[in-house]
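Source: prediction; values computed, not measured.
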Amino acid sequence: MASVRISAVVGAPAATVWAALREVHDLPRLAPGFVVKSERDGERRVITFDNGAVATELLVDVDEAARRVAYAVVDSPLGLTHHHAISQVTEAGEGRCSFVWQADFLPADREPVVRAFMERGLAAVVRAHANVLD
């Protein structure tokens, strides 16, 4: 199994970024330009990305107290046989927060592709929320 963990400081308060992350069926709000469409399908969401890729994700948990969302990719063009991920927002000083995104998945040889994808997504989050105030 492979694991990718990336993080970045975002130039917005944790409450602001959490408000976007917790809206699990509106991912273009969180990462505009990276996610172009997000649709609800029961407990799942169907995500369309800027490169045309479509993934179906099962929502596992939205933890308000921890500002954490957990989900699993159940269908994607990456050929993953297992995937579980979390995204979490924490305070990082006045007007800033830390955004952590971690995924565990199989097969492990997909690590470079998954990492590059996550890095593009996190960069979109940072850009979208730079200098945003409550």
Side-chain angles (χ1 to χ4, degrees):
M1 183 169 308
S3 185
V4 172
R5 183 183 189 279
I6 61 174
S7 64
V9 173
V10 181
T16 300
V17 178
W18 172 243
L21 176 60
R22 73 178 303 281
E23 293 301 323
V24 295
H25 296 292
D26 187 13
L27 285 184
R29 177 180 172 195
L30 177 68
F34 177 65
V35 177
V36 296
K37 187 174 172 184
S38 179
E39 299 176 295
R40 181 183 209 125
D41 182 14
E43 292 298 313
R44 296 173 185 221
R45 60 186 179 189
V46 180
I47 311 298
T48 304
F49 297 94
D50 61 343
N51 64 1
V54 177
T56 301
E57 300 172 344
L58 175 65
L59 295 166
V60 176
D61 186 42
V62 177
D63 184 333
E64 294 285 342
R67 293 182 174 149
R68 178 181 173 272
V69 172
Y71 66 95
V73 173
V74 295
D75 185 43
S76 81
L78 295 179
L80 302 175
T81 58
H82 171 81
H83 177 281
H84 178 267
I86 63 98
S87 296
Q88 186 169 19
V89 177
T90 58
E91 299 289 345
E94 178 116 9
R96 300 178 316 140
C97 66
S98 175
F99 191 103
V100 174
W101 191 4
Q102 181 169 336
D104 302 313
F105 53 89
L106 289 170
D109 68 356
R110 304 304 293 154
E111 190 273 340
V113 174
V114 171
R115 179 179 297 278
F117 190 77
M118 290 172 65
E119 287 173 348
R120 283 191 327 107
L122 185 55
V125 171
V126 170
R127 276 192 311 275
H129 301 281
N131 302 312
V132 175
L133 301 176
D134 278 331

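Going from atom CG of Leu21 over to atom OG1 of Thr16 covers 12.5 Å, rounded to the nearest 0.5 Å. A distance of 10.0 Å separates CG in Leu122 from CZ in Arg127, rounded to the nearest 0.5 Å. Going from atom CD1 of Ile6 over to atom CD of Gln102 covers 10.5 Å, rounded to the nearest 0.5 Å. Distance check: Glu57 CD to His25 NE2 gives 10.5 Å after rounding to the nearest 0.5 Å. Remark: Arg120 CZ to Asp50 CG distance equals 4.0 Å, nearest 0.5 Å. The structure places OG of Ser7 at 13.0 Å from CH2 of Trp101, a figure rounded to the nearest 0.5 Å.
A donor-acceptor pair is defined here as one N or O able to donate and one able to accept, closer than 3.5 Å; such a pair exists between the side chain of His129 and the backbone of Leu30. Counting only distance, with no hydrogens or angles, the side chain of Arg68 and the backbone of Ile86 share no donor-acceptor pair below 3.5 Å.
Counted within 6.0 Å of CD on Glu43, heavy atoms from surrounding residues, nucleotides or ligands total 12 or fewer; the atom is thus considered open.
Counted by atom type alone, Ser3 and Asp104 present one or more donor-acceptor pairs between their side chains at under 3.5 Å.
With a 4.5 Å cut-off on side-chain heavy atoms, Phe49 and Val36 do not count as touching.
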Side chain to side chain contact (heavy atoms under 4.5 Å, CB included) between Ser38 and Asp26, worked out = CA-CA 6 Å; Ser38 179; Asp26 187 13; 5.8 Å; no
Which is it for Trp18 and Val69 under the side chain to side chain contact (heavy atoms under 4.5 Å, CB included) test, yes or no, and what are the steps along the way?
-> CA-CA 10 Å; Trp18 172 243; Val69 172; 3.9 Å; yes
CA sep, side-chain torsions, deciding dist, call: Arg45, Ile47, side chain to side chain contact (heavy atoms under 4.5 Å, CB included) | CA-CA 6 Å; Arg45 60 186 179 189; Ile47 311 298; 3.7 Å; yes
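Placement of Phe34 and Val100 in two distinct hydrophobic clusters is found when ILVMFWY residues are connected by side-chain heavy-atom separations under 4.5 Å, directly or transitively.
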Let me have the donor-acceptor pairs involving side chains of residues 87-94, under 3.5 Å, with sequence neighbours excluded, atom names and distances please.
| residue | atom | partner | partner atom | Å |
| --- | --- | --- | --- | --- |
| Gln88 | NE2 | Ala66 | O | 2.9 |
| Glu91 | OE2 | Arg67 | NH1 | 3.1 |

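A cation-pi arrangement, defined by a distance under 6.0 Å to the six-membered ring centre and an angle within 45 degrees of its axis, is absent between Arg110 and Phe105.
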